[in-house]
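What follows is a set of notes on a single structure, which appears directly below.
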Amino acid sequence: MSTATGSRVEAELAVVRSEIARTDTKASILLAALAIIAGPLASNAGALIRSGWPTAATTVLAVLLAGAAAWLLLDVVLPRLNGSGTDNFIHYARCTRADLYTALHVTADPYTELINLSRIADTKMRRLRTAGLLLKAAALPAVIAAGLAIGGWA
């Protein structure tokens with residue numbers, strides 16, 4: 001690999017690592033926002049469900065959509081601890097001193113690392129996008145349920 005190619009691969013690796021970190025941050029912020037909203041919703045859930053079928057149905061729909069979004073957001077931020085690959089801390093944690101010495105002195109394949117990290121970033125971003133769309137979809141029935149409950153339209 002030429003120096004120019006090596007520099008380009010290292011630059012792309014840095015971009016992908018940055019995107020993974022940004023995606024994790026965004027997912028964490030959305031999870032925190034969901035947690036903040038879940039408190040008041042949980043404390044008023046009984047009243048919303050007993051407010052009549054239109055309010056109950058829209059509340060349940062909003063909660064189901066938000067729950068699916070939370071599941072996807074957790075998929076984004078939770079670590080994958082399967083230990084696959086040989087260029088991660090889980091692999092190193094399972095090495096003996098001799099294995100670690102060998103692993104660190106073998107020339108790494110930056111192309112494989114770029115492919116693997118890019119796949120991780122792609123999966124995380126797709127899940128983040130889907131979670132965002134689910135949250136947007138949850139907002140409509142949540143607003144309708146709130147309007148029905150406040151307006152007394154049951």
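Computation of the quantities below employed the complete heavy-atom set of this structure, encompassing side-chain atoms and omitting hydrogens, waters and symmetry-equivalent molecules. A quick note: this is a predicted structure, and the numbers were derived from the prediction, not measured. The first residue in the sequence is number 1, and the count goes up from there.
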Report task. For residues Ala137 and Pro141, report the shortest heavy-atom separation together with the two atoms involved. Result -> O-CD, 2.8 Å
Query raised in the report: Rounded to the nearest 0.5 Å, what separation is found between the CZ atom of Arg8 and the CG atom of Leu114?
Result: 9.5 Å
Report task. Write down the atom of Leu135, the atom of Ala66, and the distance for their closest heavy-atom approach. Result -> CD2-CA, 4.3 Å
Query raised in the report: What heavy-atom pair brings Ala142 and Ala62 nearest, and what distance separates the two atoms?
Result: N-CB, 3.7 Å
Query - Separation between OG1 of Thr23 and CD1 of Ile120, rounded to the nearest 0.5 Å - result: 11.5 Å
Report task. In sequence, state the C-alpha distance, the side-chain angles, and the governing distance for Leu41 and Leu48, and then conclude on side chain to side chain contact (heavy atoms under 4.5 Å, CB included). Result -> CA-CA 9 Å; Leu41 179 62; Leu48 287 169; 3.8 Å; yes
**Report entry** Hphob cluster co-occupancy, Leu64 + Trp71, side-chain heavy atoms under 4.5 angstrom
**Finding:** no
Report task. Identify the two heavy atoms, one from Val77 and one from Leu31, that lie closest to each other, and give their separation to 0.1 Å. Result -> CG2-CD1, 3.7 Å
Query raised in the report: Where do Val9 and Pro110 come nearest, in terms of heavy atoms and distance?
Result: CG1-CB, 3.4 Å
Report summary line: Members sharing Leu65's hydrophobic cluster, built from side-chain contacts under 4.5 Å between Ile, Leu, Val, Met, Phe, Trp and Tyr, are Leu61, Leu72, Leu134
Query raised in the report: side-chain contact (heavy atoms from CB on, under 4.5 Å) with Leu128: which of Leu133, Asp75, Leu30?
Result: Leu30
Query raised in the report: Is it true that Arg17 and Glu113 make a salt bridge, defined as a side-chain N closer than 4.0 Å to a carboxylate O?
Result: yes
